[in-house]
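Read the structure below first, then the notes.
These numbers were taken from a predicted model, which means no experiment stands behind them.
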Amino acid sequence: MGSDSKELLGIEPLELRFPFETKKQISCSMQLTNRTDDYIAFKVKTTSPKKYCVRPNSGIVPPRSTSDVIVTMQAQREAPADMQCKDKFLVQSVVVTEGTTAKDVTGEMFDKGSGNVVDERKLKVVYVQPPQPPSPVREGSEEGSSPRPSLSEGGSLNYQDTTRESDEPPLLSATSAHKDPKDVTSDSETSALISRLTEERNSAIQQNNKLLEEMDLVRREISKQNGGFPFVFVVVIALLGIILGYIMKR
């Protein structure tokens, strides 16, 4: 396993760029590429574990293959000064035996003190302005304000385990529970329409019953007077015409 002394996983990009917007969750992705013939286990850590969720935050990359990792930044209440971000990520990788699964990955695998050969790659976080077509000048000025000072590590950084996306705080449930006022208006208008149509239907039924009763009275009067077939026929046809005309108007 000569690959132990070389870069185990290729990481792209080495700079996590988030199009920063306040009060909004933002995600970006990175690709882990295994160009070796070994099975590589990886683990993602960060200096701000409560701020980010990573899916998956650990796993296995088979030989000659690539795995995608999604990093989600929780909604922030306000933007940092000058859009500077000092957060860092650490991707650790180590060679494991064939057949090792993601469930088998443990923190002990990446403990250098146990004699394991661990490859570590540091990634920085950069905030950029979200894409805004009407303001190309702002995008140009943003390039010049890239947080270059974050390249200097200073002292040793405190990297901690990241959380999976399923463990993130219930931010989405809070926003989904808020109902759009437009939806409330739409519901009330629908209820009013159903109520009006029901009233019109009931009114039409009452009118039809009234006409039937009037037609029955006329028929009885004609029967008493013995007015003959032609007269009865004309009256019935006239009443039917009135009823059909009323129904067609409805």
[X] side chain vs [Y] backbone, donor-acceptor pair below 3.5 Å:
| X | Y | answer |
| --- | --- | --- |
| Asp104 | Thr101 | yes |
| Asp119 | Leu8 | yes |
| Gln76 | Gln74 | yes |
| Asn116 | Met109 | yes |
| Asn34 | Val61 | yes |
| Asp38 | Val95 | no |
| Asp82 | Gln84 | no |
| Thr46 | Phe89 | no |

Give the intermediate values and the outcome of side-chain contact (heavy atoms from CB on, under 4.5 Å) for residues Tyr39 and Thr100. CA-CA 8 Å; Tyr39 283 79; Thr100 303; 6.0 Å; no
Hey, can you tell me if Phe18 and Tyr52 have their rings parallel, tilted or perpendicular (30° and 60° cut-offs)? tilted
In Å, rounded to the nearest 0.5 Å, how long is the span from [atom1] of [X] to [atom2] of [Y]?
| X | Y | atom1 | atom2 | result |
| --- | --- | --- | --- | --- |
| Glu108 | Ser114 | CD | OG | 7.5 Å |
| Lys124 | Cys85 | NZ | SG | 10.5 Å |
| Ile40 | Ser65 | CD1 | OG | 9.5 Å |
| Cys28 | Ile70 | SG | CD1 | 8.0 Å |

Can you check whether [X] reaches [Y] side chain to side chain, under 4.5 Å on heavy atoms?
| X | Y | answer |
| --- | --- | --- |
| Glu12 | Met30 | no |
| Tyr127 | Pro19 | no |
| Arg64 | Asp37 | yes |
| Leu32 | Val69 | yes |
| Leu9 | Thr33 | no |
| Lys43 | Asn57 | no |

Gln92 and Glu120 side chains, donor-acceptor separation under 3.5 Å: yes
Looking only at heavy atoms, what is the nearest atom pair of [X] and [Y], with distance?
| X | Y | value |
| --- | --- | --- |
| Ile60 | Ala102 | CG1-N, 3.8 Å |
| Ser29 | Pro13 | O-CD, 3.6 Å |
| Pro56 | Asp68 | CD-O, 3.7 Å |
| Leu90 | Lys122 | CD1-CG, 3.9 Å |
| Ile11 | Arg121 | CD1-CB, 3.5 Å |
| Pro80 | Phe20 | CD-CZ, 4.0 Å |

Would you please test Leu123 and Val91 for side-chain contact (heavy atoms from CB on, under 4.5 Å) and show each step? CA-CA 8 Å; Leu123 287 72; Val91 179; 3.8 Å; yes
Are Phe110 and Phe42 an aromatic pair, judged by ring center distance below 6.0 Å? no
So does Arg17 pair up with Glu15, basic N to acidic O under 4.0 Å? yes
For Thr22 and Arg77, what are the C-alpha separation, side-chain angles and deciding distance, and is it a side-chain contact (heavy atoms from CB on, under 4.5 Å)? CA-CA 6 Å; Thr22 57; Arg77 294 182 179 179; over 6 Å; no
